[in-house]
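Working notes, structure below.
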Number of protein chains: 2
Amino acid sequence: MSESVGSTNHLTRNQLLVMGELSKVDGPLSAYEILDQLRDHGVRSPPQVYRALDKLVEFGLVHKLESLNAFVACRHPGGEPHEKTAFMICENCGQVFEITDDSLTKRVAALARDTQFSLTKSTIELRGICRGCQAA
Amino acid sequence: MSESVGSTNHLTRNQLLVMGELSKVDGPLSAYEILDQLRDHGVRSPPQVYRALDKLVEFGLVHKLESLNAFVACRHPGGEPHEKTAFMICENCGQVFEITDDSLTKRVAALARDTQFSLTKSTIELRGICRGCQAA
DNA sequence: ATCCCATACGTTATAGCATAACACAATTCA
DNA sequence: TGAATTGTGTTATGCTATAACGTATGGGAT
Ligand SMILES: [Zn+2]
Ligand SMILES: [Zn+2]
Ligand SMILES: [Zn+2]
Ligand SMILES: [Zn+2]
């Protein structure tokens, strides 16, 4: 039985621990915040966390937010891998909204094609104030 | 005479030095690379460089590349301030292409509007292999 | 000119993010 | 069983960025 895509199964112990922390919070966490949460569970050093994060990102279960130097669990409804997500990050409440907008994705792809740029990964992070925080 | 927009004039000494370094290279530089270049000119500590960079970014003369933790001089043809640029970063040669695509900008704005997200700044960084490097 | 205020400066120290390198353990598969 | 791969734990280190302090400088306003 060859793995098709997700490899969601058979996560290692450290990967499960890190995934657990990211899953149980709403927003992003830095690697060191995760580390602090996991000291009681035997995780003691940055490399342990970063290695788990690297794999989780590779599996598509976690995304890195470059503008925040932090990581967030994938909230994509489906479950298919998708490199083409965009994020809206509220600068007031810290919430992160993961959105997959097809026409945005297509526009980016078209832009790359037009300039003959072979696209590997796209980072799209929008900063602002979310709807909920606008009330205040 | 009130400054309208650019404030390109009256840059301070440190701002000029940092801008000079960024202008004379083709690609991005990290703050510490800039610092190393400027030690001979009396710049000795990170805060000096970061403070200059902050201002230059504020003036729109420099952009920060979040996915690289580095800074690049604005190559926008016009000269108007523009928060809405996208970057293509070649993972082979390191070149950075600053592009302003109106329909991409519009798509992002529409996305924000639709979700009632009040957009402050958008970070769009595309990674891949540039046209030139594709030959190899 | 003098005072005030805002901005910039220089410096030291420290915080926060990430990886190199090494030795060892567990797993997979031939 | 043995080899190759992947994961682990640890120490040390490097890179990125800011806090906090005191001083200097320059442009109004009086
Ligand atoms: Zn996702
Ligand atoms: Zn919010
Ligand atoms: Zn620009
Ligand atoms: Zn290239």
Side-chain angles (χ1 to χ4, degrees), chain A residues 1-3 6-22 27-59 61-72 89 91 94 123 125 127, chain B residues 1-3 7-22 27-59 61-72 89 94 123 125 127:
Chain A
M1 179 206 23
S2 70
E3 281 305 330
S7 298
T8 303
N9 6 343
H10 73 45
L11 291 180
T12 68
R13 169 181 159 78
N14 286 353
Q15 288 161 12
L16 277 171
L17 286 169
V18 169
M19 195 65 213
E21 291 306 314
L22 284 172
L29 291 175
S30 76
Y32 277 77
E33 286 170 338
I34 295 170
L35 176 57
D36 286 342
Q37 295 296 315
L38 294 180
R39 287 199 195 275
D40 299 340
H41 298 275
V43 180
R44 260 171 273 244
S45 72
Q48 294 174 285
V49 175
Y50 279 104
R51 286 194 287 233
L53 285 169
D54 284 349
K55 282 300 181 184
L56 293 171
V57 168
E58 184 185 322
F59 297 156
L61 298 172
V62 166
H63 300 291
K64 174 167 188 184
L65 299 173
E66 300 285 356
S67 65
L68 241 38
N69 293 318
F71 300 83
V72 68
I89 302 169
E91 299 189 304
T123 298
E125 300 179 13
R127 312 290 293 259
Chain B
M1 178 207 22
S2 69
E3 280 306 331
S7 296
T8 303
N9 4 346
H10 72 44
L11 291 181
T12 68
R13 170 181 158 80
N14 287 352
Q15 287 161 13
L16 276 172
L17 285 168
V18 169
M19 194 65 212
E21 291 306 314
L22 283 172
L29 291 175
S30 77
Y32 279 76
E33 286 171 338
I34 295 170
L35 175 57
D36 286 341
Q37 294 297 315
L38 292 180
R39 287 198 194 276
D40 298 340
H41 299 276
V43 180
R44 259 171 276 243
S45 72
Q48 294 174 286
V49 175
Y50 279 104
R51 286 195 286 235
L53 284 170
D54 284 349
K55 282 300 179 185
L56 292 171
V57 167
E58 184 184 322
F59 297 155
L61 297 173
V62 166
H63 301 290
K64 174 168 189 183
L65 299 173
E66 299 286 355
S67 65
L68 241 41
N69 293 316
F71 301 83
V72 67
I89 302 169
T123 298
E125 299 177 13
R127 311 289 292 258

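Chain naming here is simple, since letters A, B, ... match the order of the sequence lines and numbering starts at 1 in each.
- Of the side-chain N and O atoms in A:K64, none sit less than 4.0 angstrom from OP1 or OP2 of C:dC17.
- Atom CG of A:L65 and atom C1' of C:dC17 are 15 Å apart (whole Å).
- The closest donor-acceptor contact from the side chain of A:E125 to the backbone of A:S67 lies under 3.5 Å.
- With distances taken from any side-chain atom of B:P46 to the nucleotides D:dG7, D:dA17, D:dT11, the minimum falls on D:dA17.
- One atom, CD of A:E58, and another, P of D:dG7, lie 8 Å apart when rounded to the nearest Å.
- The main-chain N or O of B:S30 is found under 3.5 Å from a side-chain atom of B:E33 such that the two form a donor-acceptor pair.
- A close approach under 4.0 Å does occur between a side-chain nitrogen or oxygen of A:S30 and OP1 or OP2 of C:dC17.
- Annotation: of the two residues near DNA chain C, B:V43 and A:F71, the 5′-most nearest-nucleotide partner is B:V43.
- In terms of heavy atoms, A:P28 sits closest to A:G94 at CD-O, 3.6 Å.
- In the set D:dA17, D:dT8, D:dA20, D:dT8 carries the atom at the smallest distance from any side-chain atom of A:T12.
- Atom CZ in A:F59 sits about 7 Å away from atom P in D:dG7, given to the nearest Å.
- Centre separation under 5.5 Å together with a plane angle under 30° holds for the ring of A:Y32 and the six-membered base ring of C:dC17, marking them as stacked.
- Summarising the geometry, the separation between NE2 on B:H10 and C1' on C:dT7 is reported as 11 Å, rounded to the nearest angstrom.
- Taking only side-chain nitrogens and oxygens, B:R44 comes nearer than 4.0 Å to OP1 or OP2 of C:dT11.
- For the pair B:R13 CZ and C:dA8 C1', the computed distance is 13 Å after rounding to whole Å.
- Spacing between atom CG of A:L17 and atom P of D:dG7 amounts to 15 Å, rounded to whole angstrom units.
- Rounded to whole Å, atom C1' of D:dG9 lies 13 Å from atom CZ of A:R39.
- B:L68 places its CG atom 15 Å from the C1' atom of C:dA18, with the value rounded to the nearest Å.
- Here the rule is side-chain contact (heavy atoms from CB on, under 4.5 Å) with A:H63, and of A:V72, A:T123, A:L56 only A:V72 fits it.
- One finds no side-chain N or O of A:Q48 lying less than 4.0 angstrom from the OP1 or OP2 phosphate oxygen of D:dT8.
- The B:Q15 side chain lies nearest to C:dA8 when the options are C:dT11, D:dT10, C:dA8.
- Residue A:R51 places its side chain closer to D:dG9 than to any other of D:dA17, D:dG9, C:dC17.
- Here CG of A:N14 is found 15.0 Å from OH of A:Y50. Values are rounded to the nearest 0.5 Å.
- Contact annotation: B:N69 does not reach the phosphate of D:dC15 (side-chain N/O to OP1 or OP2, under 4.0 Å).
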